[in-house]
Amino acid sequence: MTDRRGNEPPPRKRGAAPGRGNPPSKAQPRRPSATDSGRTTPQRPESTRERLLRKAREEQERAAAPRPVKKAAAKRPSGSTPSARKQTPAAKKTAAKKTAAKKTGERPVKKVAAKRPVKKSAGRKRPPQNRPAPRPKKRKVKKAPRMLRLGRPALRLRMTFGVMAFVLSLFAGRLVLLQGVDPDSYAQAATKENARSYILHANRGTIEDRNGVELAVTEDAVAITADPQQTKPVAQQLAAILAPKLTGTTTAKLVAAMSGTGRFTYLARQVSPTIWTTIQAEIKAANVPIAEQNKGKPTEQQAPMLAGLYTEEDPIRSHPNGSIAATLVGVTGADGKGQSGLEYGLNDKLSGKDGQAMYEVDAKGNKIPNANHTVQEPKPGLGVQLTLDTDLQFFAQKRIQQAVEQYKASAGTVIVMDVKSGELMAMANYPSFDPNKKYTSADLNNPALERSYEPGSVQKVVTMAALADAGIIDLNTKLQVPGSIDVQRRIIKDHWSHDTMNLTISGVIAKSSNVGTIMAAQKMPIPQFVKYLHDFGFGEPTGLNFPGETKGRLTPGDEWPEITRSNVAFGQGLSVNAVQEAAAVNAVANGGIYVPPKVVRNYIDANGSLVPNQTAPARRVVSEKAAKEVTTMMEAVTAKKGTAPQAAIDGYLVAGKTGTAQQVVPGTGKYGAWATSFAGFAPADNPRFVTYVVLHDPQGARGGGLQGGPVFRDVMSYALQKYVVPPTGAQQPNIPLTWTSSKR
């Protein structure tokens, strides 16, 4: 086998047989190329180690050698072809070698072509490129793996001891604060966590009449409470016992309350002790079979007992005399606070101040026997003694009720006033209500103070008193009174048709002539007339400080038009409440001294001592002479020829005045309703009581004497008899009402 390694001839081409074609020429030695330096054929094969070492050296040399800068080859001229190129001598020589090789059949040795000379352009020269030699690539050195460094034990120990010392210092500081600095407050806080407070309701002050008869008192009652954590398993059974005995709640509401969250809830307020006793008895009876059923069973299998209900003191307000003075006394709400009347107006004095009891309790909320507890005693409220007389109040209420029903009126009021002291002996309204029974918010109004209306002809008493005090009229004043009068193009008439009449000033009052009153009032300047009205208390509060009281309506200022003065003079064009009108008439009965009305006589402290209620001082509004003259005029009203003989009382001299006034219908601004009234006092020559009666919207024949006179007579007679006011024996004076003109 021929050894082809070494200097063997090149192989022949395929298909070329020896001796065919041109004879083989002697092979010319090949010019070594630049790449042949490393291709010397070794005499023996390299070992693996030598080959690896050689490759490593070559890689290091290549890495260290700088890279040659490549020059851009010159562009070939356009349109030139290979055949058209001019061959160089070296190219010709190479071609000859290729031809000889073909003839001899030898494979030519491929040489690396020499670089072609770059033809320089005849035009612009390319500037030399002064590029810096590239930096040799740095060989990446593999980093040694990181080793875990061990900590320093001494440092760790010091840090641990430091943290422990800091935490212990916090505990030590807290301990000093708890036991040394403020131990009491923290002890109280701890006690508070396990304590439950109970409100000790203060007893509300009693409201009584002038004789000690109770009108509103506080009675013992309880509030039923529940612990939902205890009542939840048996809520349905407990609700079945409670619902039939409690008002204002249902079984569903009770079940929901006893099944809620928390440890406390109210189920009912102001429950009578008798009712609570009945509830306790039924619960005890229901627990008997449950206890029998649970005997011998494990705790987890026992049925729950009916438990979890508790009570608190929750006093209830009661009215022993029912509807008597209910609109004046008022009522309280479920929270024990006043909602209307004096209960509301005097709530601060009546309610007192609640106390508080603090008891320690266990986890179930039960009081711990003999545990620490604190009690702050409640401070009871002040009692109130009114000026009312319960008997007289009761009679007045019954009598006004009869009149309202008889004349089909919408409402009625009776006021009885003590002349000298201004104390209100009765303030009766109808309709009324019983505070012990169900009532509505509309029932709580007190029309005697909260309703305003136009008083009508009763106001003529005030007008005549002002004129008499100013010296404009006296008992000898005579007027020629026509049937009507024109005031600023408005025609004002009397309540009866008549031609011109010769009336004395007493006749004007006795006949209740509007025209005669206007004629007399026109002689007084308007500002002076307005001042008298304010002195008599019109347009001002009564001073009773009653909640919801109206002060009436009086045209402001004193620059009134003539029509306003004329209307006010006979009782239209202004509005009043019943107590205001009664107090104005009382000033005439009291000899011209206005005494502010009074309804609270005394306050009663916890020791039973009486503290008088201070009111505004009395004031003189007209002279005693003027008051006496007006009283004489009023005596003629109850005479046989007057407008109210129905108001006369046998054996007593009575002074009075009727009133029939148009009222504006609410929401219309027009007159369409009426109010009839009667005011008077007796005995007229030594007055003891003033009684004022008013009926709103009576039906049928209207008249103050016809409808109000009989009520006045009955109520006044009862008051005179109860307080044993003897008749003076004075006879009805013969007062001329008309006069006759002398013949010429």
Side-chain angles (χ1 to χ4, degrees), residues 189-202 219-316 333-336 354-376 378:
T191 303
K192 187 176 181 181
E193 290 293 330
N194 297 321
R196 175 179 292 180
S197 62
Y198 298 88
I199 297 177
L200 303 179
H201 295 280
E219 295 181 352
D220 292 335
V222 296
I224 301 178
T225 66
D227 181 352
Q229 290 191 10
Q230 299 181 50
T231 58
K232 188 174 183 178
V234 291
Q236 196 67 42
Q237 297 94 308
L238 289 173
I241 297 174
L242 293 172
K245 299 171 181 60
L246 302 179
T247 59
T249 187
T250 61
T251 302
K253 291 180 180 179
L254 291 171
V255 171
M258 290 186 288
S259 302
T261 59
R263 300 297 305 270
F264 180 85
T265 184
Y266 279 105
L267 300 181
R269 303 292 300 269
Q270 297 180 342
V271 179
S272 169
T274 304
I275 296 177
W276 171 241
T277 302
T278 304
I279 293 173
Q280 282 183 305
E282 291 193 19
I283 292 176
K284 185 177 181 180
N287 279 330
V288 172
I290 298 176
E292 292 292 335
Q293 180 184 354
N294 291 337
K295 285 183 178 180
K297 292 184 179 180
T299 304
E300 60 275 6
Q301 296 181 5
Q302 293 181 358
M305 303 289 287
L306 303 187
L309 297 184
Y310 304 93
T311 58
E312 291 181 0
E313 291 185 4
D314 192 18
I316 189 173
D335 57 357
D354 291 340
Q356 186 180 33
M358 187 77 70
Y359 295 95
E360 290 190 38
V361 296
D362 58 16
K364 295 183 178 181
N366 300 316
K367 296 179 183 178
I368 301 176
N370 300 324
N372 293 332
H373 65 277
T374 58
V375 177
Q376 181 181 356

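Hydrogens, waters and symmetry mates are skipped; everything else that's a heavy atom, side chains included, is used.
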In this structure, CE of Met305 is separated from CD1 of Ile283 (nearest 0.5 Å) by 11.0 Å
Separation between CD1 (Ile241) and OG1 (Thr278), nearest 0.5 Å, reads 12.0 Å
Heavy atoms of Leu309 and Leu238 approach each other most closely as CD1-CD2, 4.1 Å
Any side-chain heavy atom of Gln302 sitting closer than 4.5 Å to one from Gln293? no
Discussion item. Is any side-chain heavy atom of Thr249 closer than 4.5 Å to one of Leu267?
Written reply: no
Correct closest heavy-atom pair for Pro304 and Ile290 would be O-CG2, 3.8 Å
From the list Ile224, Val222, Asp227, side chain to side chain contact (heavy atoms under 4.5 Å, CB included) partner of Tyr310 resolves to Asp227
Here the gap from Ser272 atom OG to Leu246 atom CG, rounded to the nearest 0.5 Å, amounts to 11.0 Å
Q.
Quick one: does any side-chain atom of Asp354 pair with a main-chain N or O of Ala202 as donor and acceptor, under 3.5 Å?
A. yes
query: Got a donor-acceptor contact below 3.5 angstrom from the Thr231 side chain to the Met258 backbone?
result: yes
Give a yes or no on this: more than 12 heavy atoms of other residues, nucleotides or ligands lie within 6.0 Å of atom CD of Gln237. yes
In short, Arg269 meets Asp314 closest at the heavy-atom pair NE-OD2, 2.8 Å
Nearest heavy-atom approach of Tyr266 to Ala223 is CE2-CB, 3.8 Å
* Is the number of heavy atoms from other residues, nucleotides or ligands under 6.0 Å of Gln236 CD greater than 12? -> no
More than 12 foreign heavy atoms under 6.0 Å from NZ of Lys245: is that the case here? yes
Between Pro378 and Leu200 the two heavy atoms that sit nearest each other are CB-O, 3.4 Å
Correct closest heavy-atom pair for Ala243 and Thr251 would be CB-OG1, 3.4 Å
